[in-house]
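Before any comments, here is the structure.
Chain letters run A, B, ... following the sequence lines, proteins first, then strands; residues in each count from 1.
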Protein chains: 2
Amino acid sequence: MLPTQSVPHTPRQNHLLAALSADSFARLAVNLELIAMPLGAALCESGGQLQHVYFPTTAIVSLHYVMEDGASAEIAGIGNEGVLGVSLFMGGNTTPSQATVQTGGHGYRLKAKQLMEEFDLAGPMMRLMLRYTQALMTQMSQTAVCNRHHSVEQQLCRWLLLTLDRLPSNELTMTQELIASMLGVRREGITEIAGNLQREGLISYRRGHITVLDRAGLESHTCECYDVVKKEFHRLLKDAKAAQGFA
Amino acid sequence: MLPTQSVPHTPRQNHLLAALSADSFARLAVNLELIAMPLGAALCESGGQLQHVYFPTTAIVSLHYVMEDGASAEIAGIGNEGVLGVSLFMGGNTTPSQATVQTGGHGYRLKAKQLMEEFDLAGPMMRLMLRYTQALMTQMSQTAVCNRHHSVEQQLCRWLLLTLDRLPSNELTMTQELIASMLGVRREGITEIAGNLQREGLISYRRGHITVLDRAGLESHTCECYDVVKKEFHRLLKDAKAAQGFA
DNA sequence: TCCGGTATGTGTTGCAGCGCACAGAGTGGA
DNA sequence: TCCACTCTGTGCGCTGCAACACATACCGGA
């Protein structure tokens, strides 16, 4: 599915692809395939084998684990800062977690084989992917800690902020039900907390749409986890170009 | 600190080192340094830079995150199946989490520079390390999910089993206080649950020592998380030799 | 414009786990 | 041998969140 002319797409909208040097990017670019990533699409079932790695541009993918009883929790999110499918180059091919599209949009994909060819050169693409993977691990760790120690309100704010960071606007299309399943909590809990946040003027929402009005306000309601993840992503990927010998 | 004669040490006690082919291992072996890893030793502060990667043989290292208010939680454990310091070859050099010795023992360490030399060959050592890192990520994910959805009893059993898998005997030297801080829960909660488990004949303990009497019983008290992690480690590392071209 | 399905709001009840306080019991060192 | 310290056991009230049960409001399509 191709984008409309009115919305120009370029692989460089993905920060990882944007961080590649001209020649590294050129090698990959011819193999990048623009694809639509509609809300709810299951990119990878638990234990399923990916055929591609996905570089979201406007879409957001959620990595989550579904338990035997059907309950689930998001482990990490992947937006235009990242890539889905690290298990391919990590050598495991599959993971026990699932990947579904949490916010519809577009992205580029690359055949696993083509990635590995670049990878086997042990070149800049590899170093970049590994750095990103470490950032992803930080996100997972922090999710674990946050689940243990912080209130649902703090976690909701963290999640909103992390999601917002991956979006161009301050509105996200998302039902409370869906958010609840991401955080692995009850929908009613989200309703109550979202109501409070709205009353405080931090957000406004209507049936499936949430608009963040006061970003700083949300940050004051969240826990340190948001900041830890954000800073770590920045630290690991800010000088991605430098890491490739640009500096 | 060198081991006593009565307890022979060999790098091959660490499963990752054991999985290396003879020539890969030979290249590394001369640089491996046997070290004592006493209980409580801080191998890496938050944000601190490791100078070595550590391959535990009899020791167990705990990766945990300490929050601003002092509360903490274990994110993952590292025993003779793994290696501490993946951030070095992942390219990030540091992580926000800390590493301390949870069970005293020994291990081998390798200077970061020497590892990277091997690594830059993009050889079997690299592939093995990446596979292990993926297994570590599974452990982190599952910790997050478990923290969200499962009871302290289930988590305690999971933790006991995962720790036991890294030990030669069925006894672990560990106070309830320490276990509580690992799981990020109250000490009293551990006391109560441990009491129940003892009454049921699954474990027995005395001041700082826990002996597992009925492994299968513990497994029936734990959640699916233990199995997921165990199976994933097995899947990723069982054919470590095959992955290097042995097969 | 209406209608049906879905999203949201609200209350009630129950419980797991927390925070606090303190009592006993083991253990290692002097 | 005794002492001091740490580890373990127990009770209490409190709170955040779950489970369940509805009521209501919204929205998009026929």
Verify whether one side chain among B:R207 and B:Q176 offers a donor that lies under 3.5 Å from an acceptor in the other. no
Contact class for B:R187 vs. all strands (heavy atom < 4.0 Å): base, sugar-phosphate, or nothing? base
Would you indicate what B:G208 reaches in the nucleic acid, counting non-hydrogen atoms under 4.0 angstrom: base, sugar-phosphate, or nothing? sugar-phosphate
Side-chain-base donor-acceptor pair under 3.5 Å for B:E188 and C:dC20: yes
Without decimals, in angstroms, what is the distance between A:I193 CD1 and C:dG9 C1'? 14 Å
Heavy atoms only, 4.0 Å cut-off, all strands: where does B:E192 land among base, sugar-phosphate and nothing? nothing
Between B:Q49 and B:T94, do the side chains contain an N or O donor and an N or O acceptor separated by less than 3.5 Å? no
Rounding to a whole Å, what distance do you find between A:H150:NE2 and C:dC18:C1'? 15 Å
Picking from C:dG9, D:dC17, D:dC7, the nucleotide nearest the side-chain atoms of A:Y205 would be C:dG9
Rounded to whole Å, please give me the gap between NE2 in B:H209 and P in D:dC7. 11 Å
Closest to the 5' end of DNA chain D, once A:S151 and B:R206 are matched to their nearest nucleotides, is B:R206
Distance in angstrom units between A:L197 CG and C:dT8 P, rounded: 14 Å
Give a yes-or-no answer on whether the side chains of A:S97 and A:H64 include a donor-acceptor pair shorter than 3.5 Å. no
Between A:E232 and A:Q139, is any side-chain donor less than 3.5 angstrom from a side-chain acceptor? no
B:Q155 has an atom CD; how far is it from atom P of C:dA16, in whole Å? 14 Å
Nearest nucleotide by nearest heavy atom, which residue falls closer to the 5' end of DNA chain C, A:Q198 or A:R207? A:R207
Take atom CG of A:L183 and atom C1' of D:dG16, then tell me their distance rounded to the nearest Å. 15 Å
D:dG9 phosphate, OP1 or OP2, under 4.0 Å from B:Q176 side-chain N/O: yes
Distance-only polar pair, side chains of A:N14 and A:Y54, donor-acceptor under 3.5 Å: no
So what does A:T191 hit on the nucleic acid, given a heavy-atom distance under 4.0 Å: a base, only sugar-phosphate, or nothing? base
Return the value, rounded to whole Å, for the distance between atom CG of B:L156 and atom C1' of C:dG17. 14 Å
Can you check the A:E177 CD to C:dG5 C1' distance for me, whole Å? 14 Å
Contacts of A:V152 and B:I190 projected onto DNA chain D by closest heavy atom; the upstream (5') one is B:I190
